[in-house]
Each structure stands twice: as C-alpha cells, then as structure tokens.
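Worksheet: one structure, shown below.
Counting starts at 1 for both ligands and their atoms, in listed order. Position 1 is the first residue of the sequence, and the numbers go up from there. No hydrogens, no waters, no symmetry mates; every other heavy atom, side chains included, goes into these values.
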Amino acid sequence: MIVVFTGGTGGAKLIEGLAAEITPAELTIICNTGDDAVFHGLYVSPDIDTIIYTLAGMIDTDKGWGIKHDTFEALKQLDRFGAESTWFTLGDRDLATHIMRTKFIGQGLKLSEITDRFRRTLGVQPRVLPMTDERVESRLETPEGEISFQEFFVRDHWAPDVTRVRFAGAEQSSPAPGVTEAIRRADAIIIAPSNPITSIGPILAVPGIRAALLARNAPVVGVSPLIAATAISGPAHKLMVSCGLTPSALGVAQYYAGLMDKFFIGREDQGLASDISARNINPLCTDIRMPTAASKRHLAREVLASIGK
Ligand code: GDP
C-alpha cells in the first residue's frame with residue numbers, strides 16, 4: 001500500500017500519474033482540509049474534491065479544479081441576488097457535491113464517511129481520507145487582519161503580505177479514522193508536490209500525524225513543488241518566506257527534514273543537491289513539471305522506481 005500526502009492541484013497531477021501506473025486500490029490518499037470553507041451555506045472541501053474529481057476522470061484539467069464542461073448559471077443567479085463570496089467560482093454540477101456534503105453533515109455524518117461515499121459513488125478506487133474529521137482552518141495574518149486561505153488565494157489573488165500562518169483548531173483535532181493506521185502499514189509514503197505551508201503543513205499539524213511519520217517503517221519520498229525560487233504555480237514560495245523558510249527546494253527539504261528520505265527536485269536545482277544531502281535526504285534530480293498526462297505518468301514511474309515499485 002502506498003500512502004500519499006496531498007493538497008489539491010499539484011498533488012492531483014502526481015496522483016493521476018500514480019493511479020495510472022499501479023493498481024489504484026493500492027493507493028491511500030491523505031488529503032488536506034485546511035482550505036475548506038463555507039460558501040452560500042454549503043461546506044466546500046476543495047482539495048478532497050480536486051482529488052476525487054481527478055481520480056474519477058471528471059476534473060477540468062485546464063483549471064486544475066472543478067468539473068470539466070461545467071456551467072456557472074447558479075453562480076450568476078447568486079450574484080444577481082447579491083450573494084456574498086461569488087468570487088469563489090462554483091460550477092453548477094460541482095454545487096451538487098457541496099449540497100450533498102452539507103446535507104450529510106447535517107445528518108451527523110463525518111467528513112471521512114461522506115468522502116468515502118462520494119468516491120465510491122464516482123467509481124474512485126483509491127481510499128481518500130481527510131486528514132481529520134474536525135475543523136482545522138489555515139488562517140493567514142496580513143496587515144489588514146487575519147483571512148482564510150481562499151480569501152487570500154482566490155479573492156485577493158495572493159497579493160496581501162502574509163506575516164504568519166496558523167492552523168486554527170489543529171491542536172484539538174485528531175487524525176481521521178484510518179490515517180495513522182495507513183501511515184503505519186504503508187510500504188511507502190509519498191509527499192506530493194503540494195504547497196508545503198497550506199497543503200502539507202495543516203496535515204502535519206494534526207496531532208499524531210507527524211509522530212506517525214517520524215515513527216515510519218516505510219521510506220518517505222517527496223516531490224518539490226518549487227523550481228529555483230518559485231512555485232510551479234500559486235503562492236507556495238511567498239508563504240514559505242512568510243514562515244521564515246528559504247523559498248526553494250532546499251527550503252522545502254528543510255521543512256520536511258526528519259520526515260522524508262528521498263526528494264525529487266528539478267534538474268535546474270542540481271546545485272542544491274549537496275545541501276539537501278547534508279540534511280539526510282537523498283536528492284533525485286529530474287523533470288518534475290507535469291503539464292501532460294504523459295509527464296504525470298513519467299514522474300509517477302520515477303517516484304515508484306525510487307521506492308522499489
Ligand atoms: P492546492 O490546494 O490547489 O494549492 O494544491 P497543492 O498544494 O497540491 O498544489 C499547489 C502546488 O503544486 C504549488 O506549490 C505548485 O508549485 C505545485 N505544482 C503545480 N503543478 C506542478 C507540477 O507540474 N510539478 C510540480 N512538481 N509541482 C507542481
């Protein structure tokens with residue numbers, strides 16, 4: 001069994017490749033929920049949805065989120081009614097996911113139970129586990145006050161200065177059912193090329209998950225989301241600076257030091273290899289960009305080969 005720690009868009013690319021290269025049922029995915037938010041009274045879990053839509057073959061690959069060929073009529077109508085937060089784009093078919101999730105939450109189901117129902121309904125074979133069933137929220141401190149990740153990323157186009165990132169609720173949370181068992185029983189663990197601060201950070205902040213990773217019996221291999229000083233997409237490099245880290249694959253390696261054994265970095269970052277080795281992490285230089293289905297499978301094959309699969 002292979003366990004993958006992931007956020008949404010970057011992680012989904014590698015997971016698509018992994019699911020094509022091994023028996024999908026051998027995969028267990030531990031997904032960030034720190035970006036979850038309520039819009040129009042509906043509970044939205046963007047990273048879980050991105051992973052499930054990807055594995056169901058429904059994802060809008062151009063955007064990296066949402067359902068392909070979706071329409072946005074409900075959003076336009078919400079706008080006419082003066083609804084708040086229409087900056088967060090929700091497609092018409094995508095809304096069905098959030099309506100049903102919210103209904104099931106109201107009936108007392110846990111996020112992990114709902115996620116499992118959704119992935120089975122959509123024919124997704126890998127297990128998809130939220131990091132926790134409790135509410136943990138990434139909160140970003142800016143000069144204008146604290147905002148959520150979606151407000152920072154989508155509404156404000158990641159322009160505000162961020163002085164601190166915290167994971168509200170993390171200390172009181174516990175891993176969702178199956179998470180620590182999956183880590184303990186894994187043959188290998190993969191840290192996807194996801195935002196270290198707001199995708200992997202919240203997962204590691206759930207008490208028990210970091211400890212399970214530290215006590216691992218299996219190799220942990222990561223893929224860098226950064227090449228040179230910049231994330232391949234999104235604000236990972238900016239948030240790393242906010243958290244006092246060097247914005248580079250080396251900074252990511254430092255952040256995961258003690259938790260990771262091997263680390264795929266871009267060929268462009270060959271010069272960082274010796275500094276990464278000095279942190280007891282084996283650097284592996286390759287092409288880590290995944291713009292096409294073939295490149296996703298290719299990188300997945302390399303990652304699997306590094307763990308003897
Ligand atoms: P989010 O929840 O949508 O932010 O999802 P992730 O955290 O999983 O994805 C964002 C991260 O994916 C960013 O830091 C990107 O740099 C990284 N990323 C996006 N595309 C690629 C790619 O093709 N290759 C690699 N290595 N990283 C990528």
| Is it the side chain, the backbone, both or neither of S199 that has a heavy atom closer than 4.0 Å to ligand 1? | side chain
| What protein heavy atom sits nearest atom 2 (O) of ligand 1, and how far away is it? | D47 OD1, 2.8 Å
| What orientation do F39 and W87 show, parallel under 30°, tilted 30 to 60°, or perpendicular over 60°? | perpendicular
| remark: Looking only at heavy atoms, the pair that brings F152 and P160 closest together is CE1-O, 3.5 Å
| Inter-residue atom distance I200.CD1 - I209.CD1, 0.5 Å rounding | 10.5 Å
| note | for atom 20 (N) of ligand 1, nearest protein heavy atom and its distance come out as K13 NZ, 2.8 Å
| message | Check this for me, if you would: do E181 and R185 make a salt bridge, where the nitrogen-to-carboxylate-oxygen distance has to be below 4.0 angstrom? | response | no
| Pair D49, T97: side-chain N/O donor-acceptor within cut-off below 3.5 Å | no
| request: Can you sort out which atoms of ligand 1 are near A236, meaning under 4.0 Å from one of its heavy atoms? | output: 14 (O)
| Can you check whether W65 reaches P46 side chain to side chain, under 4.5 Å on heavy atoms? | no
| task | Using a 4.0 Å heavy-atom threshold (strictly under), name the region of N195 that reaches ligand 1: side chain, backbone, both or neither. | result | both
| query | Less than 4.0 Å between a side-chain N and a carboxylate O, is that true for E73 and K76? | reply | yes
| query | Does any N or O atom in I232 lie less than 3.5 angstrom from one in ligand 1, N or O only? | reply | yes
| query | Touching ligand 1 at all, A192? Heavy atoms, strictly under 4.0 Å? | reply | no
| said: As a test of understanding, state which of R301, E21, E16 forms a side-chain contact (heavy atoms from CB on, under 4.5 Å) with K296. | reply: E16
| Identity of the nearest option to atom 15 (C) of ligand 1, non-hydrogen atoms only, from G10, G222, P196, S233 | S233
| field | ligand 1 atoms in contact with A231 (distance to a heavy atom under 4.0 Å) | value | 14 (O), 16 (O)
| remark: The closest protein heavy-atom partner of atom 8 (O) of ligand 1 is S194 OG, 2.6 Å
| query | At what distance is the nearest protein heavy atom to atom 24 (N) of ligand 1, and which residue and atom is it? | reply | I288 O, 2.8 Å
| field | L204 vs F5 side-chain heavy atoms within contact, under 4.5 Å | value | yes
| Between R289 and ligand 1, which part of the residue brings a heavy atom under 4.0 Å of the ligand: side chain, backbone, both or neither? | backbone
| So which protein heavy atom does atom 17 (C) of ligand 1 come closest to, and at what separation? | P193 O, 3.3 Å
| message | Within the 4.5 Å heavy-atom criterion, are E137 and S148 side-chain neighbours or not? | response | yes
| said: Among all protein heavy atoms in this structure, tell me which lies nearest to atom 1 (P) of ligand 1, with the distance rounded to 0.1 Å. | reply: G8 N, 3.6 Å
| request: Tell me which part of D35 gets within contact of ligand 1: side chain, backbone, both or neither, using heavy atoms under 4.0 Å. | output: side chain
| note | Judged by heavy atoms only, the candidate from P225, P291, G34, G7 nearest atom 16 (O) of ligand 1 is P225
| request: Classify the ring geometry between F153 and F149 as parallel (under 30°), tilted (30 to 60°) or perpendicular (over 60°). | output: parallel
| task | Give the residue and atom name of whichever protein heavy atom lies nearest to atom 10 (C) of ligand 1, and the separation in Å to one decimal. | result | T9 OG1, 3.7 Å
| request: Please report which non-hydrogen protein atom sits nearest to atom 23 (O) of ligand 1, along with the residue it belongs to and the distance in Å to one decimal place. | output: M290 N, 2.8 Å
